[in-house]
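Following: one structure in structure tokens, then a few remarks.
Bear in mind that the values here come from a model prediction, so they are computed numbers and not experimental data.
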Amino acid sequence: MDKIIFHIDVNSAFLSWSAVDALNKGADIDIRNIPSVIGGDESSRRGVVLAKSVPAKAYGIITGESLFSARRKCPNIEIISPCFHTYEKYSRAMMEMLSEYTPTIEQYSIDECFLQFSKSFLSEPVKFAEEIKERIKKELGFTVNIGISNNKLLAKMASELNKPDKVNTIYPSEIKEKMWPLQVEELFMVGKKAKEKLNKMYIYTIGDLANYNVSLLKDKFKSYGELIWQYSNGIDHSEVAATEGDIKVISNSTTLAADIIEKNQANKVLFSLVENVAARLRKSNKCCSCIAVSIRSSEFKNYSHQKKLMNPTDSTERIAETVQQLFDETWKREPIRLLGVSLSHLSEEGYYQLSLFESGKENKNRALDNAIDSIRNKYGDNVIKRFGSK
DNA sequence: TCTGGGGTCCTAGGACCC
DNA sequence: TCTGGGGTCCTAGGACCC
């Protein structure tokens with residue numbers, strides 16, 4: 001135990017960042033101090049709560065619920081549209097600041113990261129975390145929670161303890177007192193389904209899980225049973241990864257403003273999803289050899305269908321052909337609520353192989369893809385349309 | 001429940017091989 | 001082929017995370 005891990009988590013990230021951005025642009029109210037949420041456009045059926053203010057939380061509003069239901073709980077709730085560019089900007093600013101403190105930093109999501117220090121370097125971790133927290137507040141304008149322990153799991157659990165704007169610890173010696181009394185669904189990786197199953201086994205708290213017979217958990221839940229048992233006992237050997245791992249899937253999906261019932265309409269949407277994923281694929285200098293289409297029906301049933309390719313590709317046209325074919329094979333002619341395209345089995349090797357064997361036609365397609373990519377990079381996504389796209 | 005979008009990982013079942 | 005067992009690959013679906 002010679003290391004100290006911090007988990008840093010921005011409080012209501014999207015809402016805080018929207019608030020700071022508005023204040024910087026001269027707004028006279030701070031949405032953090034009124035009942036407010038960040039949420040999508042209800043008329044295009046993206047109306048769920050992505051983040052909430054503390055006063056909104058007091059009305060019982062929770063992340064993920066519909067705006068309709070949020071408004072029922074608090075009729076004069078302020079609803080703000082998300083702005084992902086803004087969020088990326090503040091996220092980057094925070095990560096850059098935190099990189100000053102240690103090279104061993106892992107960004108876990110847009111608003112969370114882990115920092116690792118050696119114990120000998122850090123004699124007073126809590127005091128140090130307080131300094132970082134205050135600096136973020138002063139220089140960047142938003143608050144964070146910092147959790148401290150000897151491993152990532154405990155640091156993450158610690159940062160959830162007491163919000164917002166707090167520093168908390170869960171050292172191994174504090175697990176019993178601080179973590180075991182919590183409801184089992186508070187444990188990282190225990191979601192709604194697992195909670196229900198665990199409750200049926202009379203496991204209600206993290207402590208109940210920690211003291212349960214691990215081999216019975218393994219019988220019932222396989223490797224997942226052992227994982228959550230270890231977590232409940234504060235066991236986690238994963239490393240803080242300073243370099244990010246290779247991306248494994250590139251996907252894009254969209255909930256449609258109105259259900260689609262015609263193949264033609266579906267094809268237009270699919271093509272724009274393909275353009276998005278294919279451009280991201282080429283930007284990462286990779287090829288894919290597995291393509292999948294997913295469909296959500298108006299009844300909320302999900303289907304997916306995938307196909308492995310003989311040769312890896314990064315061509316918009318080849319991906320689009322496969323996607324069409326997959327869609328035709330999958331669609332049960334029901335009204336469609338959501339369409340998605342995802343590319344997987346990504347490889348760099350395929351990228352080089354491809355250029356050796358591709359035909360004249362494929363060479364032409366590649367030239368077209370590259371030309372469109374560079375125009376869009378310069379002037380934005382909407383300046384140019386392919387023939388056949390919407 | 002008037003239920004987003006982008007990811008990761010795991011499991012089960014079937015095909016196919018020796 | 002009244003029929004085993006182990007390994008690998010592929011597909012579909014689902015749980016979980018932010």
**Item:** Pairwise C1' distance for C:dG4 and B:dC16, with rounding to whole Å
**Value:** 16 Å

**Prompt:** Is it true that the side chains of A:R32 and A:S12 contain a donor and an acceptor less than 3.5 Å apart?
**Reply:** no

**Prompt:** What is the pairing partner of C:dC18, taking Watson-Crick or G-U wobble pairs with both distances under 3.5 Å in any strand?
**Reply:** B:dG5

**Request:** Please state whether the rings of A:F327 and A:W331 are parallel, tilted or perpendicular, taking 30° and 60° as the class boundaries.
**Result:** parallel

**Message:** If you count every heavy atom of other residues, nucleotides or ligands that lies below 6.0 Å from A:K263 atom NZ, does the total exceed 12?
**Reply:** no

**Prompt:** Under 4.0 angstrom, heavy atoms only, what part of the nucleic acid is A:K156 near: base, sugar-phosphate, or nothing?
**Reply:** sugar-phosphate

**Request:** Answer yes if the side chains of A:T330 and A:H305 hold a donor-acceptor pair under 3.5 Å, and no otherwise.
**Result:** no

**Asked** Using a distance-only test with no angle check, is there a side-chain donor-acceptor pair under 3.5 angstrom linking A:D111 and A:Y87?
**Response** no

**Asked** Given the rule in the salt bridge (Lys or Arg N to Asp or Glu O under 4.0 Å) test, do A:K301 and A:E334 qualify, once you have shown the distances and angles that lead to the verdict?
**Response** CA-CA 10 Å; A:K301 282 210 126 210; A:E334 305 166 302; over 6 Å; no

**Message:** Regarding A:A194, tell me which of base, sugar-phosphate or nothing describes its non-hydrogen contacts under 4.0 Å with the strands shown.
**Reply:** sugar-phosphate

**Prompt:** Are A:F128 and A:Y101 an aromatic pair by the rule of ring centers under 6.0 Å?
**Reply:** yes

**Message:** Can you list, in residue-number order, the parts of residues 95-114 of chain A that come under 4.0 Å of DNA chain C, counting heavy atoms only?
**Reply:** A:Y108, A:S109, A:D111, A:E112

**Message:** Under 4.0 Å, counting only non-hydrogen atoms across every strand here, what does A:F188 touch: a base, just sugar-phosphate, or nothing?
**Reply:** sugar-phosphate

**Prompt:** What is the 5' to 3' range of DNA chain C, first to last nucleotide, that sits under 4.0 Å from any heavy atom of chain A?
**Reply:** C:dC10 to C:dC18

**Request:** Mind listing the residues from residues 62-87 of chain A sitting with a heavy atom below 4.0 Å of DNA chain C? Number order is fine.
**Result:** none

**Message:** How long is the straight-line distance from SG of A:C287 back to CG of A:L281, given to the nearest 0.5 Å?
**Reply:** 6.0 Å

**Fill in**
Ranking A:V249 and A:V49 by the position along DNA chain B of their nearest nucleotide, the one closer to 5' is A:V49

**Asked** Would one find more than 12 heavy atoms of other residues, nucleotides or ligands at under 6.0 Å from atom CD1 of A:I29?
**Response** yes

**Message:** Apply side-chain hydrogen bond (donor to acceptor under 3.5 Å, both in side chains) to residues A:S16 and A:N11 and explain how you reach the verdict.
**Reply:** CA-CA 7 Å; A:S16 296; A:N11 300 127; over 6 Å; no

**A:V341 and its side chain to side chain contact (heavy atoms under 4.5 Å, CB included) partner, picked from A:T322, A:L270, A:N276, A:N252** = A:L270

**Request:** Look at all strands and tell whether A:G40 reaches a base, only sugar-phosphate, or nothing, counting heavy atoms closer than 4.0 Å.
**Result:** nothing

**Fill in**
On DNA chain B, more 5' by nearest nucleotide between A:K248 and A:R46 is A:R46

**Prompt:** So what does A:T254 hit on the nucleic acid, given a heavy-atom distance under 4.0 Å: a base, only sugar-phosphate, or nothing?
**Reply:** sugar-phosphate

